[in-house]
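Report on the structure given below.
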Number of protein chains: 2
Amino acid sequence: MSMVETTPEKTAKPRRRRKEARPQEIIAAGLAEFAERGFAATRLEDVAARAGIVKGTIYRYFDSKETLFEAALSSGIGPAFEALPEIVADYDGSTFDLIRLLISRLYETLFIPEVELLARIIISEGHRFPAVAELYYRLLVGKGRDILRRIIERGLARGELLPSPLSATPEVLIGPVVMAIVWNTIFDRLDPIEPRRFLEAHLDLLEKALGRNG
Amino acid sequence: MSMVETTPEKTAKPRRRRKEARPQEIIAAGLAEFAERGFAATRLEDVAARAGIVKGTIYRYFDSKETLFEAALSSGIGPAFEALPEIVADYDGSTFDLIRLLISRLYETLFIPEVELLARIIISEGHRFPAVAELYYRLLVGKGRDILRRIIERGLARGELLPSPLSATPEVLIGPVVMAIVWNTIFDRLDPIEPRRFLEAHLDLLEKALGRNG
DNA sequence: TGAGATAATGACTATAAAGTCATTATCGTC
DNA sequence: GACGATAATGACTTTATAGTCATTATCTCA
């Protein structure tokens with residue numbers, strides 16, 4: 001009937017055996033889906049489709065949806081923030097400049113697309129998954145707090161800061177970055193925050209507050 | 001056999017017809033469940049149980065799970081923040097004192113338990129529900145921004161502030177409150193933020209930044 | 001006080017998606 | 001270039017829960 005040789009029915013895509021590459025691809029697909037829809041509403045079939053495989057294949061590499069979720073959340077947070085402690089240890093400029101550097105790095109890191117996906121998942125699902133919350137508490141909060149405390153102590157020792165409610169609760173200093181991430185998670189489609197602009201205002205605030213004796 | 005008259009099998013709780021009270025009770029129950037488990041993972045049967053009714057009854061008052069969700073989210077945000085615009089309009093003290101007042105009110109309001117439930121839902125589900133995001137964008141963001149802008153303009157006019165990146169993006173000023181809410185959503189079980197303490201540090205930061213010429 | 005109106009019930013259906021597994025295709029090796 | 005090991009498949013089972021509806025109990029008011 002037809003002159004051209006057509007593929008008549010289903011075009012069955014050829015299989016490929018890629019034992020090594022699969023887990024990472026599945027995790028990447030899962031990350032995207034979980035960040036978009038949340039854990040409960042994510043369908044493993046969609047994750048599979050995004051990874052170019054079939055649902056059953058996921059189960060060769062992960063025991064359950066929850067196992068995949070945890071694997072996805074464990075991937076690549078640590079590395080992103082690894083460089084920070086050194087920066088602080090080696091620094092010899094003013095306290096304000098050090099804080100400025102820290103905050104700038106935070107914006108750079110948190111707005112890396114893959115890190116942003118992770119952040120969205122933690123923001124949306126952290127409450128429902130105590131194990132996840134605990135993991136991130138150790139990995140991010142603990143370390144971040146250490147760094148901040150060290151900076152504050154250094155500033156007090158150098159006479160650039162005075163003891164105050166702020167130096168006792170320095171987490172307040174990073175409030176605006178957190179707000180920017182959350183904002184962009186919720187209102188990205190309506191009115192996204194432009195990180196550079198927000199960073200500039202954030203640094204302006206910190207300079208006004210801490211930058212007298214540079 | 002027994003001397004006391006026991007209720008032998010199922011103690012069928014007596015029905016009560018309470019057409020007026022039901023919707024609010026269902027919404028309150030839904031709010032609690034949605035905030036705890038998220039939209040997708042919340043079971044209407046649990047909502048019903050919490051409201052002291054049976055699943056079918058929910059459908060006498062709401063067309064679907066999503067309708068209930070939207071009703072819950074529409075309840076009681078507006079009222080919570082209604083007082084703010086007046087405060088600004090009537091104020092005649094320094095700009096810093098006005099900002100101090102605004103921020104204090106924000107903490108008071110956001111940590112009201114019912115408001116906190118709403119905040120949790122928005123934080124967790126805002127991204128998945130564009131209609132919800134839009135609603136809150138209008139109700140909260142729009143109004144909040146107006147108030148902030150008015151304060152900044154007033155400060156500039158009175159010579160208490162100077163044009164700067166911060167005055168162009170004053171949202172940065174409320175970053176720490178947002179962070180506190182998000183923090184308590186995720187890490188409430190591990191290391192909750194004590195609002196008063198955080199507020200104190202937040203105000204300390206703002207005073208250092210803006211409070212020179214009080 | 002009893003009859004009509006309807007709020008509430010709970011047993012039911014439909015559906016969607018997690019998880020399983022026998023079968024099939026691929027690939028390295030001999 | 002055939003063979004064995006196993007990665008990948010897709011059809012299947014199971015389970016959970018959203019949504020329906022005929023029945024039942026409660027309330028109101030004549």
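Keep in mind that this is a model prediction, so the values were computed, not measured. Every chain is numbered from 1, with letters handed out A, B, ... down the list of sequences.
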Original post:
Just wondering, more than 12 heavy atoms not from R197(B) lying within 6.0 Å of its CZ?
Top reply: no

**OP:** Whole angstrom is fine here: how far is it from CD in E33(B) over to C1' in dA18(D)?
**Re:** 16 Å

Original post:
Between Y137(A) and R189(B), is a side chain to side chain donor-acceptor pair (under 3.5 Å) present by the stated rule, with each step listed?
Top reply: CA-CA 11 Å; Y137(A) 187 75; R189(B) 288 187 257 259; over 6 Å; no

Original post:
Should we count CD of E45(B) as having more than 12 external heavy atoms under 6.0 Å?
Top reply: no

Original post:
Which whole-number value in Å describes the distance from R15(B) CZ to dT24(D) P?
Top reply: 9 Å

**OP:** Could you tell me the separation between the CZ atom of R16(B) and the P atom of dT26(D), rounded to a whole number of Å?
**Re:** 8 Å

Subject >> Sequence neighbours excluded, every pair satisfying side chain to side chain donor-acceptor pair (under 3.5 Å) that has a member inside residues 20-36 of chain B >> reply: H127(A)-E36(B), R18(B)-E25(B), E33(B)-R37(B), E33(B)-R50(B)

**OP:** Report yes if a side-chain nitrogen or oxygen of R22(B) is closer than 4.0 Å to either non-bridging phosphate oxygen (OP1 or OP2) of dA8(C); otherwise report no.
**Re:** yes

**OP:** Could you list by number each residue of residues 40-68 of chain B showing a heavy-atom separation from DNA chain C of less than 4.0 Å, or answer none if no residue does?
**Re:** I53(B), V54(B), G56(B), T57(B), R60(B), Y61(B)

Original post:
dA17(C) P sits how many Å from F34(A) CZ, rounded?
Top reply: 14 Å

Subject >> Smallest separation among heavy atoms of Y136(B) and I122(B), with atom names >> reply: CE2-CD1, 3.0 Å

**OP:** Identify, with sequence neighbours excluded, every residue that meets side chain to side chain contact (heavy atoms under 4.5 Å, CB included) alongside E200(B).
**Re:** P165(A)

Subject >> Euclidean distance, atom CZ of residue F69(B) to atom C1' of dA18(D) [Å, nearest integer] >> reply: 16 Å

